[in-house]
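Okay, structure first, notes after.
Scope of the values below: all heavy atoms of this structure, side chains included, with no hydrogens, waters or symmetry mates. Because the structure is a prediction, the values reported are computed rather than measured.
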Amino acid sequence: MQQNNSLKTILVLALLLSGCSLPKIIVLHDPLSADEHVRLGGIYDTQGKVELARDQYRAAVRQDKKLLRAWALLGDSAFRSKEYEEAEQAYGQALDLDPKNGDLHNNLAWVYVQQDRKLGKAQDLVTAALELNPDHRPYYLDTLGVIQLKLGKVQDAIASLRGSTETIPRDLPDLLAEAYQHLAEAYRAAGDIPAADKALERQRQLKPETPLEKVPQL
């Protein structure tokens, strides 16, 4: 009964907080626990309200700085909003709490990739991820290949990205198409235009709505 009441409270608050006609009020006491803030943030995420979701994850970590899930979700939310400084901090805090989590290593590496900074550290993070969580090797290889390409290690990038495209499950076409896009970029950087065009064609087959275009130079 208590859990049902808690969920009802969260749903009511989600409806109220998403409205725009209510006057601002001063909250002297937070009625939600850290876990409840995370659940409310999840509701906002499903509604596509990224900013409101991030506010809830921030509230959760303010209440409980050791709540791993809240830090990880805050990192995800900040990354989607291109708030890379906050994403870096959030993933860093999450890694401090769970240093053997391969996905967190990979996610932090992507934060650096998007900013074209600390690429050496990003490579180290993904290398660690590959050792920590071999089951996610296909996805980590994609990250590694992108980093290697940015570092000018073109042949290493091709090898990593080929490994990724060969092992990503075929029932994940979006991820596989992205890996083929990265592979096309690597082939073009190597001057192998036919191979780049072939990778782009494979991407188009996976995502037919994507126009077949030239791969931009890195």
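Without hydrogens or angle criteria, Y57 side chain to G41 main chain gives a donor-acceptor distance under 3.5 Å. A donor-acceptor distance shorter than 3.5 angstrom exists from the side chain of Q115 to the backbone of V111, with no hydrogens or angles considered.
Among D142, L183, L144, the single residue meeting the side-chain contact (heavy atoms from CB on, under 4.5 Å) criterion with S164 is D142. Of the listed residues (N106, D103, L130), just one forms a side-chain contact (heavy atoms from CB on, under 4.5 Å) with H136, and that residue is D103.
With salt bridges taken as basic N to acidic carboxylate O contacts below 4.0 Å, one links E201 and R204. The pair K121-D124 fails the salt-bridge criterion, with no side-chain N (NZ, NE, NH1 or NH2) lying under 4.0 Å from an Asp/Glu carboxylate O. Taking the charged nitrogens against the carboxylate oxygens, E185 and R188 have no contact shorter than 4.0 Å, which rules out a salt bridge.
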Fill in: side chain to side chain contact (heavy atoms under 4.5 Å, CB included) assessment of F79 paired with Q114
CA-CA 9 Å; F79 183 86; Q114 293 303 313; 3.7 Å; yes
Practice prompt. May I have the step-by-step check of side-chain hydrogen bond (donor to acceptor under 3.5 Å, both in side chains) for T167 and R137, ending in yes or no?
Written response: CA-CA 8 Å; T167 54; R137 180 179 179 82; over 6 Å; no
Practice prompt. Decide side chain to side chain contact (heavy atoms under 4.5 Å, CB included) for V146 and K150; before the verdict, give the C-alpha distance in whole Å, the side-chain angles of both, and the deciding distance to 0.1 Å.
Written response: CA-CA 6 Å; V146 172; K150 286 180 174 292; 4.2 Å; yes
Item to complete: Would you sort out whether Q89 and E85 count as a side chain to side chain contact (heavy atoms under 4.5 Å, CB included), showing the intermediate values?
Response: CA-CA 6 Å; Q89 179 185 10; E85 183 176 347; over 6 Å; no
Item to complete: Report the C-alpha distance between R54 and E86 in whole Å, list the side-chain angles of each, state the deciding distance to 0.1 Å, and finish with yes or no for side chain to side chain contact (heavy atoms under 4.5 Å, CB included).
Response: CA-CA 11 Å; R54 191 159 77 251; E86 184 172 30; 3.2 Å; yes
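Summarising the geometry, atom CG belonging to L172 is positioned 11.0 Å from atom CG belonging to L206; distances are rounded to the nearest 0.5 Å. Going from atom NZ of K118 over to atom OH of Y112 covers 4.0 Å, rounded to the nearest 0.5 Å.
Taking both residues in full, the closest heavy atoms of V126 and A109 are given as CG2-CB, 3.5 Å, listed atom of the first, atom of the second, then distance.
R202 CZ: more than 12 foreign heavy atoms inside a 6.0 Å radius.
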Please set out all donor-acceptor pairs under 3.5 angstrom arising from side-chain atoms of residues 71-78, sequence neighbours excluded.
{"from": "W71", "atom 1": "NE1", "to": "K65", "atom 2": "O", "distance (Å)": "2.8"}
{"from": "D76", "atom 1": "OD1", "to": "Y91", "atom 2": "OH", "distance (Å)": "2.4"}

